[in-house]
Q: 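Mind having a look at this structure? Questions to follow.
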Amino acid sequence: MIQRDDLRAAVSAGLVSEAQAARLAALADSRRGARENLAPGDEPFELFKGFNEIFIVVGLGILSLGWIGISTVAAASEIVHIKTFGITRAVIGAALIWAMSEYFIRRRRMVAPAIALTAMWAGNAAFGFITWLSEPFMVAQNDLSSLPIPIALSTLAILVFWFRFRVPIALAVVALGTFTVAVIATAQNTVRPTSIADFFELSAEGSYAWITLVLGLVTFACAMWFDMSDPHRVTRRSANGFWLHIVAAPAIVNTVALTLLTGNQATVLLVVFLTGIALAAVVIDRRSFLIAGIGYVVALATTLGGTDGAAMTVFLLGIALLALGAFWERIRSVILGVLGPALPLTRLPPTA
């Protein structure tokens, strides 16, 4: 293992510059922080670094509730026009959230407050743009035609927030915002969804399931771009990929799985499809992709009901997940050994 003294000696010998040595040290610190106490081959996941971050998140939550309460009381008193007051509240809120993000995210590098501030920024942006550009009376009459533009602008605001602060979960919120815009815009020109199944069954009336599938595939492609740019999973690019996989998995897996459940030979086809998804998850070394997709399939299959083989399928999924969890690295090593010539192994996480 290369130590700090080795880097200093390398700088003195002219092998690397001071800037290169500093970048190597930063990379080592980042890798150690992401991989410390993890078993070889495990997938890094971090929601908070310590209880102080939870303490700050609680403070942010209480601050938000207080701000919303004060604003609501002021709006109810009709001091100013409600739309003007709403826009003013959103602008002030955006400035406060941005200032706190500069401190807690860029300066303190906190994880949990970054997630909380992202949620606050998204909610504030949606409130501000909807207050400014939507027509509340039309929305009250179930006419949503005034919502796509403010939601699209809110999604763009979240993307700007990500460009500045690089909070990984913000990209997942961008994907969900894009999906919301597409669904609302489609609902104005076709039949509206009557149940959650309409968003996942390709045979259902309307094009909502196709929107879900396309969103899932595009999100998965973006997640893989981040993953393949950081195969050792030591930077935020890997975390970006993680959260995008959380969105992509249910969009892809649910759409295909529930469509298969409505057809003949559902159990057989579903097992074949889920086996392929498991194979892909093992190859890219993303347990998050597999568990998100499979978890939603189980929940929806239980909620919506299914064929006679649905219970057996869920039972077999449980066995398969336990086996994968116990022997993930061994299974992955064998699969990569077989498929290695057809895969860009240098862009994929190495086996343990």
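The model shown is predicted, which means the values in this text are computed figures rather than measured ones.
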Q: Ignoring hydrogens, what is the shortest heavy-atom contact between Gly177 and Ile151? Give both atom names and the distance.
A: O-CG2, 4.1 Å
Q: For the hydrophobic clusters of this structure (ILVMFWY residues joined by side-chain heavy atoms under 4.5 Å, transitively), does one cluster hold both Ile87 and Phe129?
A: yes
Q: State which residues pass ring pair (Phe, Tyr, Trp, His ring centres under 6.0 Å) with Trp132; sequence neighbours excluded, sorted by chain then number.
A: none
Q: Determine the minimum heavy-atom distance between Ser238 and Asp227, stating which atoms define it.
A: O-OD1, 4.0 Å
Q: Give every donor-acceptor pair under 3.5 Å between a side-chain atom in residues 338-346 and any protein atom, sequence neighbours left out.
A:
none

Q: Do Arg287 side-chain atoms and Leu324 backbone N/O form a donor-acceptor pair below 3.5 Å?
A: no
Q: Looking at Trp162, is Arg166 sitting on its ring face, NZ or CZ under 6.0 Å from the six-membered ring centre and within 45 degrees of the normal?
A: yes
Q: Using only atom types and a distance under 3.5 Å, with no angle test, would you say the side chain of Ser64 pairs donor to acceptor with the backbone of Leu60?
A: yes
Q: Residues two or more places apart in sequence or in another chain: which of them pass side-chain contact (heavy atoms from CB on, under 4.5 Å) with Tyr103?
A: Arg107, Arg108
Q: Which residues pass the ring pair (Phe, Tyr, Trp, His ring centres under 6.0 Å) test with Phe104, sequence neighbours left out?
A: none
Q: Is there a path of hydrophobic side-chain contacts, each under 4.5 Å between heavy atoms of I, L, V, M, F, W or Y residues, that connects Val247 with Ile291?
A: no
Q: Who passes ring pair (Phe, Tyr, Trp, His ring centres under 6.0 Å) against Phe220, sequence neighbours left out?
A: His245, Phe289
Q: Locate the shortest heavy-atom distance separating Trp243 from Ala172; write the atom from each residue and the value.
A: O-CB, 3.7 Å
Q: State plainly whether one hydrophobic cluster holds both Tyr208 and Val253, where clusters connect Ile, Leu, Val, Met, Phe, Trp and Tyr through side-chain heavy atoms under 4.5 angstrom apart.
A: yes
Q: Would you please name every residue forming a side-chain contact (heavy atoms from CB on, under 4.5 Å) with Val214, sequence neighbours left out?
A: Val218
Q: Looking only at non-hydrogen atoms, find the nearest pair between Thr255 and Ala209 and report the distance.
A: CG2-O, 3.7 Å
Q: Which heavy atom in Arg236 sits nearest to a heavy atom in Arg109, and how many Å separate them?
A: NH2-NH1, 3.6 Å
Q: If you define the side chain from C-beta out and look only at heavy atoms, does anything of Met228 sit under 4.5 Å from Asp230?
A: no
